Amino acid sequence: MPTMRKYLFSAGFALLVAATSVSITVMAPPAFASEIKYVVNDIPVTTGDIAHRAAFLKLQRKKGDAGQEMIEQTLRMAEAKRLGIRISDAQVDAAYQRFASSNKMQLSQLDGVMEKSGVTKSHFKEFIRAQMAWNQALSARYRSGDGTGAVSEQDLVRKMLEKGGAKPSATEYMLQQVIFVVPAAERSATLGKRKREADAMRARFNGCNTTREFAKGLIDVTVRDLGRVLAPQLPPDWAEQIKATKVGGATVTRETERGVEFIGICSSREVSDDKVAQMAFQAEGSGGDKDADALSKKYVDELKAKARIVKR
């Protein structure tokens with residue numbers, strides 16, 4: 001299926017250009033009143049939504065109908081919701097951060113470009129959320145094939161090999177998570193102390209076999225075996241640190257909503273099996289971006305045909 005990177009590539013290039021000259025060429029947009037322009041299956045699309053999307057198209061240096069784009073985004077999000085697909089704020093924030101980093105920008109710079117161009121950070125984040133949700137919806141539709149059930153890993157591998165591809169490999173990690181729990185009510189008073197304790201334990205970490213022994217004398221420390229995790233499945237917030245850490249070592253500590261954490265790398269190995277091939281095939285799509293775009297358009301056209309769209 002098409003990935004968010006595909007959808008955002010042109011936006012990223014335009015943003016990078018805009019960021020270098022934002023103080024000269026991008027003016028703060030005037031304030032405007034927002035009114036309902038369309039009602040899509042009882043969901044309102046406002047003139048404000050459309051204005052933000054028009055600004056986004058301008059920033060991308062793309063032509064398009066901002067109103068129609070917002071109608072289609074509304075339909076996509078409603079369909080994703082119907083399928084039970086939920087994209088968390090944390091996932092969106094992580095993607096926003098990665099987008100800034102990939103364009104060599106600080107978050108404050110990206111925030112500034114979004115606000116001054118009239119796109120706004122919130123609109124761009126909702127665009128990200130919609131793309132992530134739609135990718136999952138497309139993937140679910142593709143997996144169901146002709147509607148009779150999920151396509152097996154073996155079928156996907158066979159299709160990949162038929163197209164001349166080799167079965168891919170990926171690193172498989174055995175991981176262990178260590179959490180120094182900090183209750184929310186005690187966070188301001190104890191977080192610093194808990195971080196020092198976590199740093200001290202992490203410095204002594206020399207493999208997953210002794211972690212629980214080290215943790216015995218410590219208060220409110222949780223050790224969780226995460227089992228085997230393939231590299232594409234690593235949590236985005238931890239992925240780069242895990243990949244950069246040697247076997248037997250541990251990532252640097254991080255403050256999270258649970259307290260202070262680090263992840264130990266018990267082992268790693270390269271694997272090439274049907275599961276890896278399935279993940280790679282679904283990430284790449286069913287034969288390229290052209291096929292994926294055609295599938296997406298067909299899906300949206302079907303949703304439009306069934307939708308109640310009222311122009312105010």
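Worth saying up front: this structure is predicted, and the values here are computed from it rather than measured.
The aromatic rings of Trp134 and Tyr299 are tilted relative to each other, their planes meeting at an angle between 30° and 60°. Aromatic ring pairs are classed by plane angle as parallel below 30°, tilted from 30° to 60° and perpendicular above 60°; the pair Phe180 and Phe262 is tilted.
A chain of hydrophobic side-chain contacts below 4.5 Å, direct or via other Ile, Leu, Val, Met, Phe, Trp or Tyr residues, connects Met105 to Tyr96. By the criterion of side-chain heavy atoms lying less than 4.5 angstrom apart, applied directly or through intervening Ile, Leu, Val, Met, Phe, Trp or Tyr residues, Val178 is not grouped with Met174; the two fall into different hydrophobic clusters. Two different hydrophobic clusters hold Ile309 and Met77 under the rule that ILVMFWY side chains link at heavy-atom gaps under 4.5 Å.
Residue pairs meeting the side chain to side chain donor-acceptor pair (under 3.5 Å) criterion with at least one partner in residues 191-200, sequence neighbours excluded, are Lys193-Glu197, Arg194-Glu197, Lys195-Asp199, Lys195-Thr253, Asp199-Thr253.
For the pair Lys37 and Asp49, the salt-bridge criterion is not met [side-chain N within less than 4.0 Å of a carboxylate O]. Salt bridge annotation for Arg212-Asp225: present, with a cationic side-chain nitrogen under 4.0 angstrom from a carboxylate oxygen. With salt bridges taken as basic N to acidic carboxylate O contacts below 4.0 Å, none links Asp89 and Lys125. Salt bridge status for Arg82 with Glu79: present, with a side-chain N to carboxylate O gap under 4.0 Å. Glu302 and Lys306 are not joined by a salt bridge, as no carboxylate oxygen comes within less than 4.0 angstrom of a charged side-chain nitrogen. The pair Arg312-Glu35 fails the salt-bridge criterion, with no side-chain N (NZ, NE, NH1 or NH2) lying under 4.0 Å from an Asp/Glu carboxylate O. Under a 4.0 Å N-O distance rule, the pair Glu261/Arg254 does not qualify as a salt bridge.
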* To do: Start with the C-alpha gap between Ser88 and Gln91, add the side-chain angles, then the distance that decides, and say whether side-chain hydrogen bond (donor to acceptor under 3.5 Å, both in side chains) holds.
  => CA-CA 5 Å; Ser88 69; Gln91 288 174 287; 3.3 Å; yes
* To do: Start with the C-alpha gap between Gln97 and Ser101, add the side-chain angles, then the distance that decides, and say whether side-chain hydrogen bond (donor to acceptor under 3.5 Å, both in side chains) holds.
  => CA-CA 6 Å; Gln97 173 69 71; Ser101 299; 3.2 Å; yes
* Which is it for Arg53 and Gln73 under the side-chain hydrogen bond (donor to acceptor under 3.5 Å, both in side chains) test, yes or no, and what are the steps along the way? -> CA-CA 11 Å; Arg53 181 52 52 91; Gln73 178 171 304; 2.6 Å; yes
* Would you please test Ile265 and Lys246 for side chain to side chain contact (heavy atoms under 4.5 Å, CB included) and show each step? => CA-CA 7 Å; Ile265 317 301; Lys246 295 180 180 179; over 6 Å; no
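Shown here is Asn209, whose CG atom has no more than 12 heavy atoms of other residues, nucleotides or ligands within 6.0 Å.
For Phe214 and Phe205, the distance between ring centers is not under 6.0 angstrom.
Asp237 approaches Ala94 most closely through the heavy-atom pair OD1-CB, 3.8 Å.
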